[in-house]
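Counting starts at 1 for both ligands and their atoms, following the listed order. As a basis for the values below, the full set of heavy atoms in this structure was taken, side chains included, without hydrogen atoms, waters or symmetry mates. Starting from 1, each residue takes its place in the sequence as its number.
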Amino acid sequence: MTALQLSVVIPVYNEEQGLQALFDRLYPALDKLAISYEVIFVNDGSRDRSAAILREQYQARPDVTRVILFSGNFGQHMAIMAGFEHCRGQRIVTLDADLQNPPEDTGLLLAKMDEGYDYVGSIRRQRNDSWWRHVASRAMNGLRERITRIKMTDQGCMFRAYDRHIIDAINDCKEVSTFIPALAYTFARNPAEVVVGHEERAAGESKYSMYSLIRLNFDLMTSFSLVPLQWFSMTGMLIALGSAGFFILLVLRRLIIGPEAEGLFTLFALMFFLIGMALFGIGLLGEYIGRIYQQVRHRPRYLLEAVLEQQVAEKPKRTRKPKVAEAPTDLFADGEE
Ligand code: UDP
Ligand code: MG
């Protein structure tokens, strides 16, 4: 029996308008690759008909379709995590449900893996999103580049391919707040990137508001770097040194020239700036502490309502930690011959 070659993991949140178009393009594209595959849809607590549509699709193609239904909205990255825990393929591709990533480009990712890479990221050829997403995305890519060791051209694109050993490593992490492309990167031995297409959303609108994008970027920065905290303590030190010098200057001035009375509003401006800095620092600490708090409570990261799948052969063997029990069994069999 040969192992399943490809798992495609797709998070779905309120995508009822676009799902049929996705099925119509995804399955033919995967059939064309002529490899064994499965598609895992993870419904992230959609409030529209998405779950029902996915159930129908499972009934239509139970041989290659598996559906995981969350009992609430736990976020795109948790949905993908659940997909990872259930997938059985030797290679895993993550894809958005909105057809912004053309499923026909899956072959490009796999071809790159054939060259010996275990993690293939993607760069959107021409990004079709609103202008403010472009600007914010460029800024956050630049910031991440500076404060983490993760090298990625386009962190926002989730159309990526991973080797089994990376998924096994990710499954061992029980992170509550995380950013999957970055987490995978830390486990990759030999990462590469390819350019893929990007289209406008086929239907519906982006599920990310400005607010949730900011939250997501905090997850990325705090999960993979302590540099924001370090920058903060360094700035604090510099300001303390500066104010000590300023104080000495004022004392000298008072002794030599006499007391000064003007400059009240300059003082206000300075104070507001410093109070702002201090509040930002407390907030930043809170971002880290809040995540520690969430993590130590050990609550389940997501709740499953149902998993629709056919009972098939068990999951592929782990590539990272080989089971020792297998060798003696073989030896025993040989000895009996
Ligand atoms: N998504 C999800 N849970 C969420 C938000 C989004 O599963 O809470 C899914 C969504 O259905 C889509 C993918 O994540 O398949 C990317 O979302 P979207 O296209 O809205 O993000 P954008 O392309 O605007 O970054
Ligand atoms: Mg999208």
Does Arg297 qualify as a cation-pi partner of Tyr293, given the criterion of NZ or CZ under 6.0 Å from the six-membered ring centre and within 45 degrees of its axis?
yes
Winner among Asp96, Asn101, Asp44 once heavy atoms are compared against atom 3 (N) of ligand 1
Asp44
Is a salt bridge present between Arg49 and Glu56, judged by a nitrogen-to-oxygen distance below 4.0 Å?
yes
N or O contact, Asn73 vs ligand 1, cut-off under 3.5 Å
yes
Polar contacts were defined as any N/O atom of the residue lying under 3.5 Å from an N/O atom of the ligand; does this apply to Gly75 and ligand 1?
no
How far is atom 2 (C) of ligand 1 from its nearest protein heavy atom, and which residue and atom name does that atom have?
Tyr13 CB, 3.4 Å
Salt bridge present between Arg61 and Asp63 (N-O < 4.0 angstrom)
yes
N or O contact, Ala79 vs ligand 1, cut-off under 3.5 Å
no
The test is salt bridge (Lys or Arg N to Asp or Glu O under 4.0 Å); show your working for Glu145 and Arg138 and say whether it passes.
CA-CA 11 Å; Glu145 203 71 32; Arg138 199 160 308 149; over 6 Å; no
Nearest to atom 18 (P) of ligand 1 by heavy atom, Arg201, Gln76, Gln100: which?
Arg201
How about Arg201 and Glu15: do any of their side-chain heavy atoms sit closer than 4.5 Å?
yes
Give a yes or no on whether Ser206 keeps an N, O or S atom under 2.8 Å from the Mg ion (ligand 2).
no
Taking only heavy atoms of Arg133, which atoms of ligand 1 are found under 4.0 Å from at least one of them?
22 (P), 24 (O), 25 (O)
Which of the numbered atoms in ligand 1 are below 4.0 angstrom from a heavy atom of Glu15?
10 (C), 11 (O), 12 (C), 15 (O)
Backbone N/O of Ser223 and side chain of Ser177: donor-acceptor pair under 3.5 Å
no
Name the orientation class of the two ring planes belonging to Phe41 and Tyr27 (parallel below 30°, tilted from 30 to 60°, perpendicular beyond 60°).
tilted
Over 60° means perpendicular and under 30° means parallel, so tell me whether Phe265 and Phe268 are parallel, tilted or perpendicular.
tilted
Atom 5 (C) of ligand 1: closest protein heavy atom, distance to 0.1 Å, is Lys207 CB, 3.6 Å
What atom name does the N, O or S atom of Asp98 nearest to the Mg ion (ligand 2) carry?
OD2
Looking at the Mg ion (ligand 2), is there an N, O or S atom belonging to Asp96 that lies under 2.8 Å away from it?
no
